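Okay, structure first, notes after.
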Amino acid sequence: MDFTQAKQRIEWLKAVLWENSRKYYVENAPTMSDYEYDQLMHELEDLEAQYPEYRTADSPTQRVGSDLETPDVQNIEAGAGKEFAKYPHKYPMLSLGNTYSIAEVEEFAERATKTLETPFTWCCELKFDGTAICLTYRDGKLFRALTRGDGVVGDDVTANARKIANIPEKLQGEGWPAEFEIRGEVLMPYESFDRLNREREANEDQPFANPRNAASGSLKLQDPAEVANRGLMCTLYHIPVGQVDYPTHDEALKAAASWGLPVSDERRICRSIDEIEAFIAHWDTARKQLPYATDGIVIKINELDAQRTLGYTAKSPRWAVAYKFKAEQALTPILSIDYQVGRTGAVTPVANMEPVFLSGTMVKRATLVNEDQMTMLDIHEGDWVYVEKGGEIIPKITGVEESKRQPGAKRPAFPKVCPDCGTPLVKPEGEAKWFCPNTDGCPTQIKGKLVHFLGRKAMNVLAGDATVDQLYGLDLVKTPADFYDLRESQLVMLEGWKERAAQRFLDSLRESRNVPFERVLFAIGIRYVGETTARDIARHFGDIDTLAQASKEELAAVPEVGEVIAESVYKYFRDERHLKEIERLKAAGLQMAVVRKAENASEALAGKTIVISGNFSISRDEMKALIEANGGKNSGSVSGKTAFLLAGSKPGPEKIKKAESLGVPILDEEAFRKLLPDSSVASLPQNDNENGPQNDNETELTLF
């Protein structure tokens with residue numbers, strides 16, 4: 001490689017790395033795997049070492065990636081991508097040097113040993129796969145929470161951090177400094193991640209690729225109440241030198257834990273490279289049993305004086321390194337490709353593969369996202385493809401093994417017409433997906449909208465896919481309003497229906513008339529209007545008539561509603577078919593206006609952090625709302641700060657086990673009711689399961 005080629009390669013690497021850094025930190029939608037990114041970064045480091053005249057101050061080797069947002073950035077989620085106040089870090093937040101090689105860990109340890117003249121130990125910790133956060137406590141109270149930002153300045157996310165259950169507002173114990181910073185990661189446990197993606201997929205929103213992206217996107221939401229619903233947790237692992245007076249990093253963390261801060265106890269003091277390698281080997285397997293994502297091990301020199309001696313490079317400490325685990329990968333052939341139509345008409349290609357075992361589950365299907373992704377991967381019929389899971393919880397095709405491609409293999413032809421109704425597909429400007437525009441005539445879209453309307457987050461009616469298939473196939477239901485015209489005499493004549501099943505179904509329809517307007521608006525299925533957006537729009541306009549008459553400008557003026565959503569809502573209410581449907585739903589008695597309620601029913605649960613698990617006499621969302629209405633705070637995970645675990649029927653065994661190990665009280669619903677004032681208790685249904693089962697499988701077993 002000559003000087004010209006080196007310069008061109010360096011410039012290309014810098015551009016690619018900065019672009020992916022922006023997508024990783026700001027958009028939470030990286031275009032390459034961590035491993036690919038790290039390999040390109042190491043190549044750039046090597047080239048800059050060989051050609052130092054081409055190393056510049058703005059190189060990604062010299063600066064950490066930035067999560068600071070600019071006004072024109074639109075995040076993967078509605079409600080993110082806005083401007084936050086920015087504040088400087090007292091100490092720069094740098095990134096860690098990393099490696100995938102045990103040999104390089106040995107070299108790192110050897111360099112430190114040669115430099116330091118006094119004996120030292122290593123503190124080995126899990127490398128958490130979340131988004132960085134820096135908390136400042138002043139006089140024992142949470143004062144400010146900042147993202148990493150560009151390492152020098154961070155976004156102020158204090159209001160959101162206060163909604164993360166295990167971040168304490170006040171410290172306990174004694175010995176904490178009058179003011180200090182402590183750093184760590186905000187994580188989304190697998191349980192919360194799976195729930196969030198199920199909701200996003202049901203709304204045909206793009207699912208998050210992994211918990212790290214989901215945690216980062218959630219931390220940057222503008223609505224702290226929505227952040228509280230995301231089930232985030234925090235783990236802290238570093239107090240900058242000079243903040244506290246302890247001889248070792250491990251002792252500083254033990255002190256922080258005694259103050260009630262969420263410090264991970266999964267760390268070990270090691271005295272040799274053999275012990276470090278044993279710790280790495282243990283967690284490379286054991287991490288798969290953790291309830292949250294980790295992607296490596298961080299090896300730090302434990303003695304703080306030694307850390308001061310070694311110091312820092314421009315972007316990394318010299319006293320620490322991260323060993324990163326490689327994502328699990330498998331090679332398997334594509335058997336066929338399906339093209340699925342969703343309720344909004346989006347057509348998604350899905351690869352059916354020879355089943356392969358990855359990260360504890362059998363994987364046989366993986367989305368190909370859209371036509372552009374298929375082109376980028378250069379997918380051909382019968383190709384052998386690399387599938388990853390690892391930190392990527394959703395199976396992802398990352399590449400093609402071209403050496404296994406059959407001679408004459410053709411690229412699959414993306415359909416030009418809807419696979420269901422035959423309508424020519426369209427690709428709106430700015431969209432990556434093709435859509436079937438026959439929104440009110442395509443059977444798959446219609447059935448998808450009906451299932452969405454009945455869903456737990458929408459009208460919470462006791463029915464699922466099989467019920468909708470049957471009723472639609474018999475021409476009994478074509479629109480949501482048709483459900484409210486059904487009679488018991490019709491249902492009991494159908495195959496699989498008995499009188500009790502019909503009555504329960506009709507009872508749940510009757511109960512749905514009490515569902516608040518915010519959820520009704522979400523249920524009718526306007527494109528781009530998810531649960532949070534529906535709530536914001538409903539509260540802004542107050543009732544369906546005012547909303548229906550709103551101009552595009554008035555719609556776009558609603559916080560978190562941009563031009564795309566405003567255009568979609570405006571068009572929906574300009575369609576005569578939709579207006580007639582709204583009138584029928586009104587006549588059926590659905591709530592079409594916001595009911596204003598007092599914010600808090602009582603302060604009976606003030607200061608208490610509560611974890612719920614299992615099924616109750618009301619839905620889990622209603623139970624969470626009840627807790628908040630009485631001053632309590634919901635959390636998705638049990639910790640030492642949990643006031644009690646509220647356990648319904650079939651609670652999660654891991655949460656029960658965790659509560660018992662920490663001595664956290666476990667209350668059933670009856671005991672919980674006794675904590676509330678009579679007015680709150682009276683609002684709770686008394687029958688066994690008024691709102692029905694919590695999943696479609698259970699629903700269908702009940703009905704048939």
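When reading the values below, keep in mind they use all heavy atoms of this one structure, side chains included, and skip hydrogens, waters and symmetry mates. Please read these numbers as outputs of a predicted model, since none were measured by experiment. Counting from 1, the numbers follow the sequence of the chain as shown.
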Counting neighbours of CD on E53 that are heavy atoms of other residues, nucleotides or ligands and sit closer than 6.0 Å, is the number greater than 12?
yes

Crowding at CD, E401 (>12 non-hydrogen neighbours, <6.0 Å):
yes

Under the salt bridge (charged side-chain N to carboxylate O under 4.0 Å, His left out) rule, what pairs show up with a residue in [range], not counting sequence neighbours?
range	answer
residues 99-112	E110-K114
residues 239-255	D250-K254, D250-R267
residues 3-12	R9-E43, E11-K14

Beyond-backbone contact of [X] with [Y], side-chain heavy atoms, under 4.5 angstrom:
X	Y	value
S316	L94	no
P262	M233	no
W283	I297	yes
I337	I379	yes
I280	F325	yes
K220	T147	yes
H42	N98	yes
F128	L126	yes

Compare every heavy atom of [Y] with every heavy atom of [X], then report the nearest pair and how far apart it is.
X	Y	result
I301	Q307	O-NE2, 2.8 Å
M188	P211	O-CB, 3.4 Å
H238	W319	CE1-CH2, 3.8 Å
V244	P177	CG1-CG, 3.7 Å

Check side-chain hydrogen bond (donor to acceptor under 3.5 Å, both in side chains) between [X] and all other residues, then give those that pass, not counting sequence neighbours.
X	value
R411	D378
T4	none
N352	S336, D338, R365
R55	none

Classify the angle between the aromatic ring planes of W259 and Y246 as parallel (below 30°), tilted (30 to 60°) or perpendicular (above 60°).
tilted

To the nearest 0.5 Å, tell me how far [X] [atom1] sits from [Y] [atom2].
X	Y	atom1	atom2	answer
Q406	E381	CD	CD	12.0 Å
Y87	D155	OH	CG	11.5 Å
Y137	R144	OH	CZ	14.0 Å
T118	D305	OG1	CG	8.0 Å

Got a salt bridge between D129 and R212, using NZ or NE/NH1/NH2 to carboxylate O under 4.0 Å?
no

Using 4.0 Å as the upper bound for N to carboxylate O, is an ion pair formed by E226 and R230?
yes

Using the side chain to side chain contact (heavy atoms under 4.5 Å, CB included) definition, which of the options I167, I182, T235 pairs with L261?
I182

State which residue, out of L219, V227, I164, fulfils the side chain to side chain contact (heavy atoms under 4.5 Å, CB included) condition with V157.
L219

Got a sec, which residues hit salt bridge (Lys or Arg N to Asp or Glu O under 4.0 Å) with [X], two or more places apart in sequence or on another chain?
X	value
D284	R287
K90	none
K163	none

Please evaluate residues S264 and E125 with respect to the criterion side chain to side chain donor-acceptor pair (under 3.5 Å), reporting the C-alpha separation (whole Å), side-chain torsions for both, the decisive distance (0.1 Å), and the verdict.
CA-CA 8 Å; S264 171; E125 308 168 1; over 6 Å; no

D383 side chain to V385 main-chain N or O, any donor-acceptor pair under 3.5 Å?
no

Going by atom type alone, with no hydrogens or angles, which donor-acceptor pairs under 3.5 Å involve a side-chain atom of residues 268-279 and a protein atom two or more places apart or on another chain?
from, atom 1, to, atom 2, distance (Å)
S272, OG, E275, N, 3.3
E275, OE1, R271, N, 2.9

For T309, all residues meeting side chain to side chain contact (heavy atoms under 4.5 Å, CB included), sequence neighbours excluded
L116

Applying the side-chain hydrogen bond (donor to acceptor under 3.5 Å, both in side chains) criterion to Y237, which one of K300, H249, E185 satisfies it?
E185

